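Inspection log for the structure reproduced underneath, given as structure tokens.
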Amino acid sequence: MEKVFTSKLESFLNAVAEKFQLYVPAKTDDHYTYNVYDPSGKKPVELNDIRTCTPIKEFLFPIRELAATYPKEFKPDDIKPFAVFGLKECDLRSIEILDKVFAEEDFEDQLYLNRRNNMFIISSDCNEPGESCFCNIFGGKGFAESGFDLNVSKIKDGFIIEAGSSKGNSFLMEHSDIFGEIPDALLSERDANRAAVQARLEEKNDHLKFDVTIKQIVEDGCDSDVFDREAKNCVECQACTRVCPTCHCFYLYDMQKEDYFAKMKMWDSCMRLSYATVAGGENPNKVLGDRMKHRLLHKFVHFHDRYGLDMCVGCGRCVDADAGGMDIRDILKKLKD
Amino acid sequence: MKDNIYQPINGEIVDIIEESSTIKSFVIKPEEDFAFKTGQFVELTLPGKGEAPFTPSSSPAETDQIEITIMKAGRVTGLLHECKKGQKVGIRGPYGSCYPVDDFVGKQVYIIGGGVGLAPIRSLFLTLVDRIKDFKSVTCRYGAKTPEDFIFKKTLFGEWQKIKGVEIKLSVDQAGNGWDGNVGVVTTILNPSDVDIKNAVAVVCGPPIMMKYVTLKLLDFKFPPENIYLSMEKNMSCGVGKCGHCMLGKYYVCKDGPVFTYEQIKGYPKIWE
């Protein structure tokens, strides 16, 4: 795969924007979110040091979308190829998790796949993991080695761009005029940066390294009163599930449009009281602590049993977003104790 | 199956049968080919209003139309009860697991149903009756609140009772005028002497509380958990194992169920809630 160097992001992003609808990180207060790229240069793009505060699932599985129509069947719009710049390794792993669900062979979700197949992924190394980042507990390193089309690593005098797919490789070859070759010294600088970030993650999250798997901790902690005790701090804002890049619950609802009927697909949250209620009124998770338990069981036990991996990437978005100050890391530690 | 997993096929309600004060059967003619296996469920859409999961009550052998028996229990079922003949509906599915009828061959099939739970069971019953000689016998124990609450009354009290190889016993929680049968919940008509446990399978469908106590009773009879088939009810929405609402432990009831053996799910908490 190709590896190239550029001293400025602008020419690279302009080249991407010629081919794709491009989304780039934009800083708001202390957080990054995504904006459409402005090629005029009026809003210079800053490479995000940390993941955005909003989840990447928004690009693949929008908050609300048209899922079906009646009586005439609708054909989902062709999605124009789009690129997202600045995804982090945790984001790439969250896409891998969503793929397990929505691209499962027996029932492929075409709405998801249309977007997924048209997404050009430009990831970047983490430079400043946040306080809430604990990706290394789930095998994260702060930089990606696969799952991207292109990956950008910031070094002192510019950026190293590496291809991770044939699509990415072709892009670099097509635009060879705007890139330079990389001296070996710059690759060593990148590797040193990566090692430093990885070491920082390992050090700061040392307290979360358990001698058993998280799956085991949650399974063993199932009958403890930790969930009920923790639930006392929960204000049921559901932010944890909304910002989580791997939470993918949704509900389907029907509505009347002007001259047709629509079935909509919209994000849902397992923290919502009536989430599991059936028509007769039974609800296995009436108690908030039980909903919290269900959420962790799904993430670390049931998803694992089904797909062989945890449904958490340790991005820490839920920790940052929670209005009640709930912290999944503390809950896991309490379950372990 | 459509390419878009959320797109229903169109259908029309061609007949409505009042089964009891709260239960109606809707005969639906799909506009496209539609086949299901007994025990599987469909998502029925009332266009613009909502969607809900139901297991058809008709025989899968009947392919030009399906029958869905619905109790008025929530918002969508309430609206469906107001529908008239000619109403257009949408159908997604069929989804999930079926009753493994071929595995029942040579065995006594012990069917226990309660209330509207007789709907999926009727589909199974008709499937079994079509090839009744393949089974040792079909023993049915059905319960309802009152005699009026039994569904499929005409056939239940009539021709089904006369089928060779079939034995049916009924019970009601509260007797009414003219009822000379058993009074009591359905577990009061379960008797170990009715069933050759070593060569039988049990099929249970009804309200969660009934399923719970029937299962406990069957376990008392030393019925092996792997031979107790349960038709589980959860909040199935997408039908394709993605939306999460119907999770039961690691299972999606919509995809891995709704038919489970008790052995599969006994380790999970709150299966009856």
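The figures that follow rest on heavy atoms only: side chains count, while hydrogens, waters and symmetry mates do not. Every value quoted in this text rests on a predicted model; they were computed, and no experiment measured them. Just so we're on the same page: letters track the sequence lines, and every chain starts at 1.
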Taking side chain as everything from C-beta outward and backbone as N, CA, C, O, which of these in V89(B) sits under 4.5 Å from a heavy atom of chain A? Side chain, backbone, both or neither. backbone
Max heavy-atom pair count under 4.5 Å with chain A, selected residue of K255(B), K234(B), E233(B): K255(B)
Does the Lys NZ or Arg CZ of R115(A) fall within the cation-pi geometry relative to F102(A) - under 6.0 Å from the ring centre and within 45° of the axis? no
Taking side chain as everything from C-beta outward and backbone as N, CA, C, O, which of these in C249(A) sits under 4.5 Å from a heavy atom of chain B? Side chain, backbone, both or neither. both
Answer yes or no: is there an ion pair linking D320(A) with R51(A), defined by an N-O contact shorter than 4.0 Å? yes
Between R92(B) and E51(B), does at least one N-O distance fall below 4.0 Å, as a salt bridge requires? yes
Report yes or no: does R93(A) contribute a side-chain atom to a donor-acceptor pair with the main-chain N or O of V313(A) at less than 3.5 Å? yes
Pairing of K215(A) and E219(A) as salt bridge, 4.0 angstrom limit: yes
Please step through side-chain hydrogen bond (donor to acceptor under 3.5 Å, both in side chains) for the pair S25(B) and E19(B), ending with a clear verdict. CA-CA 7 Å; S25(B) 290; E19(B) 303 284 1; 2.7 Å; yes
Between D149(B) and K145(B), does any NZ, NE, NH1 or NH2 come within less than 4.0 Å of an OD or OE carboxylate oxygen? no
Which residues from residues 287-301 of chain A are near chain B, with near meaning under 4.5 Å between non-hydrogen atoms? D290(A), H294(A), H298(A)
Any idea which of G50(B), P8(B), G74(B) has the most non-hydrogen atom pairs under 4.5 angstrom with chain A? G50(B)
Answer with yes or no whether the side chains of Y70(A) and Q7(B) bring together a donor and an acceptor at under 3.5 Å. no
Among F41(B), F54(B), F36(B), find the one that has a ring-ring contact (aromatic ring centres under 6.0 Å, His included) with Y95(B). F41(B)
Quick check for you: among D254(A), N283(A), D305(A), V278(A), which has the greatest number of heavy-atom pairs under 4.5 Å with chain B? D254(A)
By a 4.5 Å heavy-atom criterion (distance strictly below it), what part of R75(B) contacts chain A: side chain, backbone, both, or neither? neither
Toward chain A, the part of Y252(B) with a non-hydrogen atom under 4.5 Å: both
Determine the option with the most heavy-atom pairs under 4.5 angstrom with chain B, choosing from T277(A), L252(A), N285(A). L252(A)
If I measure from the heavy atoms of chain B, does Y253(A) come under 4.5 Å with its side chain, its backbone, both, or neither? neither
Looking at I271(B), D256(B), T77(B), which one has more heavy-atom pairs under 4.5 Å with chain A than the rest? D256(B)
With sequence neighbours left out, write down each residue that passes side chain to side chain donor-acceptor pair (under 3.5 Å) with E73(A), or none if nothing qualifies. K2(B)
Taking NZ, NE, NH1 and NH2 as the nitrogens, is one of them in E67(B) or R122(B) under 4.0 Å from a carboxylate oxygen of the other? yes
Heavy-atom cut-off 4.5 Å, strictly under: side chain, backbone, both or neither for P208(B) against chain A? side chain
We want to know whether T38(B) and S123(B) form a side-chain donor-acceptor pair, criterion being a heavy-atom distance below 3.5 angstrom. yes
Can you give the donor-acceptor pairs under 3.5 Å from side chains of residues 239-251 of chain B to other protein atoms, not counting sequence neighbours?
unit_1  : atom_1 : unit_2  : atom_2 : d
K242(B) : NZ     : V101(A) : O      : 2.7
K242(B) : NZ     : F107(A) : O      : 2.7
H245(B) : ND1    : F250(A) : O      : 3.3
H245(B) : NE2    : D268(A) : OD2    : 2.6

Can you list the residues of residues 256-266 of chain A that sit under 4.5 Å from chain B, counting heavy atoms only? Q256(A), F261(A), K263(A), K265(A)
Criterion salt bridge (Lys or Arg N to Asp or Glu O under 4.0 Å) on D91(A) and R317(A), from CA distance to verdict: CA-CA 11 Å; D91(A) 295 326; R317(A) 285 181 174 94; 2.9 Å; yes
Check whether S237(B) gets within reach of chain A through its side chain, its backbone, both or neither, counting any heavy atom under 4.5 Å. both
Please check: side-chain N/O of Q40(B) versus main-chain N/O of K37(B), any donor-acceptor pairing under 3.5 Å? yes
